[in-house]
Amino acid sequence: MVDKQLIESGNQKIEWARNHMPVLEIVRNVFEKEMPLEGYTIAMALHVEAKTAVLVDTLVAGGAEVSITGCNPLSTQDDVALALDSKKNIRCYARYGASNEEYYQAIDKVLESNPDITIDDGADLIFKLHTERTDLLSSIKGGCEETTTGIHRLKAMERDKALKMPVIAVNDAMTKFLFDNRYGTGQSAWDGIIRTTNLLVAGKNVVVGGYGWCGKGAAMRAVGLGANVIVTEVDPIRALEARMDGNQVMTMREAAPLGDIFVTTTGNRDILTREHFELMKDGAILANSGHFNIEINLEELEELSSSVRTVRKNIKEYLVDNRRIYVLADGRLVNLAAGDGHPAEVMDMSFSNQALCVRYIAENKLVTGVHPVPEKIDRYVAELKLSSLDITIDELSPLQSEYMHGWESGT
Ligand SMILES: NC(=O)c1ccc[n+]([C@@H]2O[C@H](COP(=O)([O-])OP(=O)(O)OC[C@H]3O[C@@H](n4cnc5c(N)ncnc54)[C@H](O)[C@@H]3O)[C@@H](O)[C@H]2O)c1
Ligand SMILES: N[C@@H](CCSC[C@H]1O[C@@H](n2cnc3c(=O)[nH]cnc32)[C@H](O)[C@@H]1O)C(=O)O
């Protein structure tokens with residue numbers, strides 16, 4: 001496709017997403033009227049695809065200039081990236097399949113815009129600001145972080161007194177993780193696996209590594225698809241929760257010879273390693289829907305393999321003692337590297353939180369540290385979402401409110 005066709009295809013995807021993000025549309029209309037981001041430059045490193053483009057568009061509607069790149073070399077959709085770059089007040093440096101060097105060069109370029117506010121998914125921009133571009137820190141008003149692992153990183157920096165700017169932990173808003181991490185990952189991880197393999201899930205043994213919000217979603221939807229689900233955990237409470245939700249719970253060593261499809265969702269490293277690959281069945285399929293490509297130890301898998309070849313788009317076959325082990329999307333996020341990411345309706349809430357938190361940073365002077373999303377914003381997003389679904393809920397009567405908040409009236 002030539003650039004013009006790519007831009008048109010990108011714009012079509014953006015329009016489709018926008019039409020399914022009603023809360024962000026309301027935020028955008030308010031921004032257009034009030035222009036709260038006039039004069040602000042925003043640097044972003046997020047998955048460059050259609051829903052993200054709607055967020056960018058919203059920030060620009062509020063008066064901002066935006067520089068954006070990806071947060072994963074395989075999640076960029078080039079048509080959307082080109083469409084974004086063709087718009088006024090937006091520069092987009094993301095490219096699908098960027099090498100490691102190109103990926104970090106793009107982060108540098110985004111920071112050359114001298115941003116006032118950052119939006120990260122995995123803290124790449126903030127990490128760069130605290131290492132090679134400390135000169136830019138004094139003019140930064142604050143940042144927003146999209147994902148669980150990014151927040152772990154930022155809290156570790158805060159603990160070590162290394163963090164030098166305020167950051168809002170957008171992931172930790174209820175209207176983010178309860179929906180995006182759970183229902184978003186639950187659906188889009190399976191979308192990525194199914195469209196990549198074109199195989200049946202019903203009747204298979206699915207092993208889900210980690211029973212956090214993403215793991216709960218992945219396990220829940222696997223059950224719905226007819227799989228027998230096995231969960232592995234390191235946290236006794238979450239393991240118990242997984243068992244009471246009806247899954248089998250065991251160690252990964254025990255699960256390794258049983259699994260037909262493995263999905264890692266821990267945000268940790270080395271969930272699947274040599275000792276597990278050695279026990280796996282012929283034809284086992286491995287996918288990651290957590291964070292980096294280190295949940296599956298691909299180096300160890302490669303060392304064990306007599307051959308590695310691509311057998312279908314986004315599927316690599318590793319031959320281990322004549323057993324075929326298939327890795328999807330090079331162990332990168334299967335929902336984004338082998339699919340279109342989360343559904344628009346959940347990103348509607350995640351990105352409304354982002355837009356409103358960016359405004360909050362612009363309008364307030366926050367101190368250095370990791371801040372929660374203000375409860376007002378979280379509830380506002382939930383209320384708007386309910387209203388977009390045409391749902392009204394009951395209200396506490398004065399008597400009920402008094403009963404709930406008092407201590408005098410016992411049983
Ligand atoms: N694919 C996506 O689009 C998407 C969406 C949201 C979050 N994420 C990422 O997914 C990861 C998980 O996010 P979350 O919100 O579910 O986090 P979470 O903290 O709720 O859950 C992670 C779970 O993994 C468990 N775990 C850690 N090490 C383990 C090990 N060695 N074996 C088994 N279990 C282990 C933890 O005990 C925890 O229960 C993060 O990296 C996050 O950034 C991805
Ligand atoms: N930089 C990491 C990021 C982890 S992605 C996890 C985050 O992606 C976000 N996400 C999931 N689907 C989409 C999407 O379609 N568009 C934009 N962001 C998404 C989601 O909010 C979640 O917190 C990496 O790729 O290696």
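One-based numbering, in listed order, for ligands and for the atoms of each.
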**Item:** Whether over 12 other heavy atoms sit under 6.0 Å from Ile237 CD1
**Value:** no

**Item:** Proximal atoms of ligand 2 relative to Leu336 (non-hydrogen, under 4.0 Å)
**Value:** 11 (C), 12 (N), 13 (C), 14 (C), 15 (O)

**atom 29 (C) of ligand 1 - nearest protein heavy atom and its distance** = Val234 CG2, 3.6 Å

**Message:** Any non-hydrogen side-chain atom of Val54 less than 4.5 Å from a side-chain atom of Ile14?
**Reply:** yes

**Asked** In terms of atom number and element, which parts of ligand 2 are under 4.0 angstrom from non-hydrogen atoms of Lys51?
**Response** 14 (C), 15 (O)

**Message:** I'd like to check which ligand 2 atoms, numbered from 1 as shown, lie under 4.0 Å from a non-hydrogen atom of Phe351.
**Reply:** 17 (C), 18 (N)

**Complete:** protein heavy-atom neighbour closest to atom 24 (O) of ligand 1 works out as Thr266 CA, 3.5 Å

**Request:** Decide, yes or no, whether a salt bridge links Asp124 with Arg153 under the criterion of side-chain N to carboxylate O below 4.0 Å.
**Result:** yes

**For atom 21 (O) of ligand 1, the protein heavy atom that lies nearest, with its residue and separation** = Gly212 CA, 3.1 Å

**Message:** Within this structure, what is the CE-CZ distance for the pair Met349 and Phe179, rounded to the nearest 0.5 Å?
**Reply:** 5.0 Å

**Message:** What protein heavy atom lies closest to atom 12 (N) of ligand 2? Include the residue and the distance to one decimal.
**Reply:** His342 N, 3.1 Å

**Item:** Protein residue, atom and distance nearest to atom 6 (C) of ligand 2, heavy-atom basis
**Value:** Thr147 OG1, 3.4 Å

**Asked** Distance under 6.0 Å and angle within 45° of the ring axis: does Lys13 meet both against Trp16?
**Response** no

**Message:** Using a 4.0 Å cut-off to any heavy atom of Asp235, which atoms of ligand 1 qualify?
**Reply:** 37 (O)

**Item:** NZ/NE/NH1/NH2 to OD/OE distance under 4.0 Å, Glu303 and Arg274
**Value:** yes

**Asked** Between the side chains of Asn205 and Gln248, is a donor N or O closer than 3.5 angstrom to an acceptor N or O?
**Response** no

**Message:** Does Glu395, at its CD atom, have more than 12 non-hydrogen atoms belonging to other residues, nucleotides or ligands within less than 6.0 Å?
**Reply:** no

**Request:** State whether Glu34 and Arg359 are salt-bridged, where the test is any N-O pair (Lys NZ or Arg NE/NH1/NH2 against Asp/Glu carboxylate O) under 4.0 Å.
**Result:** yes

**Asked** Relative to atom 20 (O) of ligand 1, which among Arg332, Met252, Arg238 owns the nearest non-hydrogen atom?
**Response** Arg238

**Asked** Got a second to check how far Glu32's CD is from Met35's CE, nearest 0.5 Å?
**Response** 8.5 Å

**Fill in**
Of Glu233, Arg153, His342, the one whose closest heavy atom lies nearest atom 33 (C) of ligand 1 is Glu233

**Prompt:** Between His342 and Ser188, is any side-chain donor less than 3.5 angstrom from a side-chain acceptor?
**Reply:** yes

**Message:** Among all protein heavy atoms in this structure, tell me which lies nearest to atom 4 (C) of ligand 2, with the distance rounded to 0.1 Å.
**Reply:** His291 ND1, 3.2 Å

**Message:** Please state which option from Asp180, Asn181, Asn353 has its nearest heavy atom closest to atom 20 (C) of ligand 2.
**Reply:** Asp180

**Prompt:** Nearest to atom 9 (C) of ligand 1, what protein heavy atom do you find, and at what distance?
**Reply:** Gly290 O, 3.2 Å

**Item:** Polar side chain donor-acceptor pair, Asn171 to Asn181, under 3.5 angstrom
**Value:** yes

**Request:** Run the numbers for me: atoms of ligand 2, each under 4.0 Å from some heavy atom of Cys71, listed by number.
**Result:** 1 (N), 2 (C), 24 (C), 25 (O)

**Asked** Nearest protein heavy atom to atom 4 (C) of ligand 1, by residue and atom, and its distance?
**Response** Thr185 OG1, 3.8 Å

**Message:** Any heavy atom of Leu333 closer to ligand 2 than 4.0 angstrom?
**Reply:** yes

**Item:** For ligand 1, the portion of Asn335 having any non-hydrogen atom under 4.0 Å away
**Value:** side chain

**Message:** Using a 4.0 Å cutoff against the non-hydrogen atoms of Phe292, which atoms of ligand 2 qualify?
**Reply:** 26 (O)

**Residue Gly267 vicinity, atoms of ligand 1 by number, heavy atom under 4.0 Å** = 11 (C), 40 (C), 41 (O)

**Complete:** min-distance protein heavy atom vs atom 16 (N) of ligand 2 -> Glu49 OE2, 2.8 Å

**Prompt:** Judged by modelled atom types alone, do Thr185 and Asn335 share a side-chain donor-acceptor pair under 3.5 Å?
**Reply:** no

**Prompt:** Heavy-atom distance under 4.5 Å between the side chains of Lys316 and Val308, does that happen here?
**Reply:** yes

**Asked** Using a heavy-atom cut-off of under 4.0 Å, does the side chain or the backbone of Lys176 touch ligand 2, or both, or neither?
**Response** side chain

**Complete:** Check: of Ser289, Ala218, Ser350, min heavy-atom distance to atom 1 (N) of ligand 1 comes from Ser289

**Asked** Can you list the ligand 2 atoms lying under 4.0 Å from a non-hydrogen atom of Thr52?
**Response** 16 (N), 17 (C)

**Asked** So does Lys4 pair up with Glu8, basic N to acidic O under 4.0 Å?
**Response** no

**Item:** Whether over 12 other heavy atoms sit under 6.0 Å from Arg195 CZ
**Value:** yes

**Item:** Pick from Asn268, Val231, Thr265, Leu333: the one approaching atom 12 (C) of ligand 1 most closely through a non-hydrogen atom
**Value:** Thr265

**Residue Asn72 vicinity, atoms of ligand 2 by number, heavy atom under 4.0 Å** = 24 (C), 25 (O), 26 (O)

**Request:** Kindly confirm or rule out an N or O of Asn181 lying under 3.5 angstrom from an N or O of ligand 1.
**Result:** yes

**Asked** Which bit of Asp121 gets closer than 4.0 Å to ligand 2, counting heavy atoms only: side chain, backbone, both or neither?
**Response** both

**Prompt:** What protein heavy atom is closest to atom 43 (O) of ligand 1, reported as residue, atom name and distance in Å?
**Reply:** Thr147 OG1, 2.7 Å

**Asked** Under 4.0 Å from any heavy atom of Asp340, which atoms of ligand 2 are there?
**Response** 15 (O)

**Item:** Between Glu49 and Thr52, a side-chain donor and acceptor under 3.5 Å
**Value:** yes

**Request:** For atom 41 (O) of ligand 1, find the nearest protein heavy atom and state the residue, atom name and distance (0.1 Å precision).
**Result:** Thr149 OG1, 2.4 Å

**Request:** State whether Arg133 and Asp135 are salt-bridged, where the test is any N-O pair (Lys NZ or Arg NE/NH1/NH2 against Asp/Glu carboxylate O) under 4.0 Å.
**Result:** yes

**Request:** Record the part of Asn171 in heavy-atom contact with ligand 1 below 4.0 Å; permitted values are side chain, backbone, both and neither.
**Result:** neither

**Asked** If hydrogens are left out, which of Ala242, Ala239, Cys214 has an atom nearest to atom 6 (C) of ligand 1, that is, the closest non-hydrogen atom?
**Response** Cys214

**Message:** Looking only at side-chain N and O atoms, does Asn314 offer a donor or acceptor that is under 3.5 Å from a partner on Thr196?
**Reply:** no

**Prompt:** Which residue holds the protein heavy atom closest to atom 14 (P) of ligand 1, what is that atom called, and what is the gap in Å?
**Reply:** Thr148 OG1, 3.7 Å

